[in-house]
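Taking it in order: structure first as structure tokens, then the write-up.
Computed from a prediction, not measured in an experiment: that's the story for all the values here. Order of the sequence lines sets the chain letters (A, B, ...), proteins ahead of strands, with each chain counted from 1.
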Amino acid sequence: MSDKAAIDHKTWFTPFNAISGTIIIIGIVISILRFTVGLGAVTHLSDDNPWGLWIGFDLLVGVALAAGGYVTSAAVYLFGMKKFHSAVRPAVLTGFLGYSLVVFALTYDVGRPWRLPYPFIMQQGTTSLLFEVAGCVALYLTVLFLEFVPAPLEWLGFKKVRELAVKLTLPLTVLGVVLSTLHQSSLGALYLIAPSKLHPLWYSTYLPVFFFVSSIIAGLSMVIYESALSHHYFADKMDAAHLQESEGVTLGFGKAASLILAGYFTIKVMGIAGGDHWHLLGTPYGLWFLVEMIGFVALPSFLYAVGVRNKDVTLIKWTAAWTVLGIVINRLNVSLIAFNWHLPSARRYFPHWMEIATSVFIVTIGIVLFRFIVTRMPVFYEHPEYKD
Amino acid sequence: MKKERYLFRWAGIVAISIIALLGTGIYGLSKVSKVSSQPRADVIKIDNMIAFGKLEIAPVEFLHEAHTEALAKKNKDCAACHLTQNKRLFPKFKRIADTDRIKVMDIYHKGCISCHGEMNVAKEKTGPVECEGCHSEKIQHVTSRQPTGFDKSLHFRHSEAQENKCERCHHEYDEKTKKLVYVKGKEGTCRYCHKEKTKDNRMSMGLASHIACIDCHRKNISKRLTTGPVTCSGCHDPSVQQKIKKITPIPRMDRKQPDVVLLKKAPKGTGVDTENTNKMAFVPFDHKAHENYNDTCRVCHHESLKQCNECHSLAGMNEGNRVNLETAMHQVDSTRSCQGCHEAKQKDKNCAGCHVFMGKERVKEDTSCLKCHSAPVMEKKKSSNPDDEKTLVKTMLQSRNLVPGTYPENNIPEKVVIKKLSKEYDAVDFPHRKVVNALVGNIKDNKLAGYFHSQKGSICKGCHHNSPVSANPPHCGNCHGKPFDGKNPSRPGILGAYHQQCMGCHKEMGIEKPAGCTECHKKKNER
Amino acid sequence: METIYYTYQDFYTHTKGILYLLMIVSLFGIAGFWNFLTGKDDDNKENE
Amino acid sequence: MSISRRRFLGWVGAAGMGSVVGKSALAAGNKHFDGYHESLGVLHDISLCVGCRSCEAACCKVNELPVPDKPFTDKHVLDEERRTTAEAYTVVNKYGVTGKIGPSFRKIQCNHCAEPACASACFVKAFKKTKTGAVTYDASVCVGCRYCMIACPFEIPAYEYNESFTPRVMKCTMCHPRITKGQLPGCVEGCPMEALTLGKREDLLKIARERIRKYPGKYIDHIYGETEMGGTNWLYLSNVPFSDIGMREDLGVTPAPELTSGALSVVPLVAGLWPVFLMGIYAISKRKEIVFKEELDEAAHSRTKEDI
């Protein structure tokens, strides 16, 4: 991607625009198909596999990877780690975009998207974990919007409104952490109702805890990973403070991620012990579980530690990418790979190419929006008029 | 700094190797282990070490005949692997007893590996010498080994060949002399002493039979006499078992057993039954006939071949495992009791059609009791001659009517038209007389069935159940009026009653026709 | 107005409904209480 | 508008303080719920089923479902294992069971759980356990999230994937409209073998036990559905092991709502205590900051003094 050309506004035809444009056009065509012909035309969803890639990736992975917002704002505003302040806005922006796209993706997946507010206005299915997820995601999206809103307000120059929004920072941060704790864990708890369908190595009564703890890891790793990418592509947008703090953020977050990964590994082992599933480790599913546990939990924990001890920022950045991949694998394992494991292979699910294309389309929209916003609004730098 | 980099390199190597190992593990698991498809009877699992505690390594799958054949080629015989004790070949490998863990293990390892090694040196085809070659978790051969039995036919052939010298096989253990002795007239089954597992000085059935049978057969072979098998498959291969010659009819085994017996509680004075409350009529029993129905005496008697009432008293006693006489004779789920065996016969194809529908109820007043309990109580006549008793029983048994009873042909409706169901389908022309004749024909040579169905109309009860026996039973619809009758929840409606009865009976009797709805009744709109 | 619940599901729906309302109330309540609790801290600081 | 308003008011009303106090006796933590008494169910005697597919035909007719390409009299359909779909609320499958002559047949449909997983999972309360015993579905509120299909341990609900604007979840209703009118469910009425018996669940259990007792050795001594997933209103009696006819015996006896109740019960705790905890941390970190600043000031102060 050649960004300089794009940023210069000299020509619209750049490789980035060409690729993203193509993806978006394909996405729009599929969207039309989806909303006119129905889910059956564009997905491989079936009665046995009611949830496919759009839930497994767009919802579960999307929400986990957008956890950077609450993790960073909590660290800075609640735990008093002021040295990470410059990381807050990019993280909150990613969170906000991430959640918006999750909701956007949901409109594709649910049968009658215009009824999405029904759980709140028509009948409240309060015993459903999904009700809780829906409520928290809706509220948290609002919270993220309010947390991010100072940036566009600064850009647009609405001083007074901005003042009001900034005053809300503390309660919003607290509310954000509460809501995130609830829905990140509840996404895992969604599967608690199906012990007969999810492979016992992944099913555990600790599932909500696993999901919550791994969401912190995902948030931390995403912030590191994203800052690495931003430094590569948007370095010219960053102010001195941001550039200066960046290494500290990477090291600090790497340290936290390493520690939490170790804790996550421990509770996962306890999950196996609790269910007495040791004997399953020798089965093919067990080996796959070990790949996830050793390759994507234990290994990154160790690599982060090595990176932090050596102050090796490059290693930490690569480890962050690896960890993010691990989170993706974990969420797909729970939702697709180890789900319905008892069914014969003919009745198992594999996504339709149009499902994959839609997911790519949504991710692309996210990148384009992110680029649009960071090239215009004060995200990587402090607005000169609003320096404290 | 250097140290750190070193650490990092190692971590990378370890991680990559773990992932690679797991990958190959998955690949390995996906390969299905090869199992030789041909089942054989000589697969022996050598897991003797289990006697000394948990196995440390997988047991060995040993093909006995592969070894006998290989040894035969080298002009070696059983003695190459088996020791002799009391001039008889001992089945265990190169030892008489399992002394201790290390010793037994050494015997196997030395015995097997040395021979395989020698043959390897001689460049001959031979077995493995490394651990995994023998100790494998995977099952490589499917076993077809089936336990073998000594049925009446085989017994007769053996006693004929042994010139009726029972002592050649039968023996008893004399506690005083601590020797095996033979007592004429007290021959029992081997299993009386030889149980499943060796205990004290009693060999297990497996050990005893392998010592006794194979040794005798081998001696006969050396004398060039015709004799029984000495290889595994000779006795244990199911297809070979089929080919064992059967004698028909088998002459009666003679152990001075009675022809007829009057089944009753133990007589007074034997100390078995103290109470004197037996009011039930005694049961005349055709012992000779029942010998023919069964393959071994053990089917009814336990191993000891004692009389029933020696162990089963009216109250139950320890010798009889506290099973009282009534239970011993009537226990339905036992293969030894009279009723258990007779009820099992109802599962025969010719009987199941009707009997499958008959629930097991404890009926208090039923004439069927008297079918067996027909002899008068003779307790009072203390001085009665046992021969009188025998004559009485014989006459009673001979006077039994063993022919199923039916109504005269013209009293049985030839055709019944079932119209009740003609909503979607036409009425059914039910060939009533044909069905009755088929049912009667099925059991006319069956003495047991004949005796229990000798009353006119009892065979009708197969379909016309729950109403008194009569030449004019009520219509089905009289009872099966409506489906899902809340007051009689287990009584089906007319639709269910017909379909359950007709189709259930056909299925149980293995009658394949009619197949499908339209073979009984045509669909209305299909005309 | 006494309602008898025959199924755990119905009973649970009922109690959860109340709990969700209580949760909203508690969030605002705690925020308010925090203000009440720390309200004078800032005054002190300013007074110093 | 009026509907949503009424519903909203209903919700608030139910949560009113008066009702909280009034119901406290019923809300005891260890209360045991027996389900609706006198609720109806169906007993399926698998030993009687002959695989004629009359139930499928009857179900299709009474529920006005689309008629399949292959007629219901076509027995070749039974050669492959099927499941319920949006076009078929019930299907019959054929199973070969070792040690038994001839095939066994099993009818599949919604089991109408006493504590339905679908109802527990639905976030708009579209599923409801009615007092007749049937679990009904209300398409007018359904959003189409399909969590019910994830939740159902019996893999029953199906979805109209090819419907673009009004997709519905489709499943057997136990012919709820018919049984409330006193009629038999379509399949029960259509079964020529009367392998299906409609009755009160309590009675059906008695009948099933009676049959097991009366025909020793014929039936497996277990009534499937008596305890599975907390019990179902559709019960099964079989002469072959349930696992041989594709019925899962590893579902356990825990009712579905209890599987998630543990996780859900933590939600109010998090909402109640998390803010307190977080504000506490904030206060501590702020206090540290102030102390740090004061020390810094003091140091600077003393330094200036020294300088002087």
Could you tell me whether the side chain of [X] and the main chain of [Y] form a donor-acceptor pair under 3.5 Å?
| X | Y | result |
| --- | --- | --- |
| C/Lys16 | D/Leu264 | yes |
| C/Tyr12 | D/Ser261 | yes |
| C/Gln9 | D/Lys129 | no |

Whatever's closer than 4.5 Å to a heavy atom in chain D on C/Ser26 counts as side chain
Original post:
Hey, what's the ring geometry for D/His37 with C/Tyr6, parallel, tilted or perpendicular (30° and 60° as the breaks)?
Top reply: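 It falls in the perpendicular class, over 60°.
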If you tally heavy-atom pairs under 4.5 Å between each of D/Ala119, D/Gly272, D/Pro275, D/Ser39 and chain C, the highest tally belongs to D/Ala119
Any idea which heavy atoms bring [X] and [Y] closest together, and the distance?
| X | Y | value |
| --- | --- | --- |
| C/Leu27 | D/Ala271 | CD2-O, 3.8 Å |
| D/Gly35 | C/Thr7 | CA-CG2, 4.2 Å |
| D/Glu258 | C/Tyr8 | CG-CE2, 3.4 Å |

Using heavy-atom distances under 4.5 Å, tell me whether [X] contacts chain C through its side chain, its backbone, both, or neither.
| X | result |
| --- | --- |
| D/Tyr282 | side chain |
| D/Ala114 | backbone |
| D/Pro268 | both |
| D/Val267 | both |

Using 0.5 Å steps for rounding, measure from the [atom1] atom of [X] to the [atom2] atom of [Y].
| X | Y | atom1 | atom2 | result |
| --- | --- | --- | --- | --- |
| D/Met279 | C/Thr38 | CE | OG1 | 7.0 Å |
| D/Tyr36 | C/Ile4 | OH | CD1 | 10.5 Å |
| D/Leu269 | C/Leu19 | CG | CG | 9.0 Å |

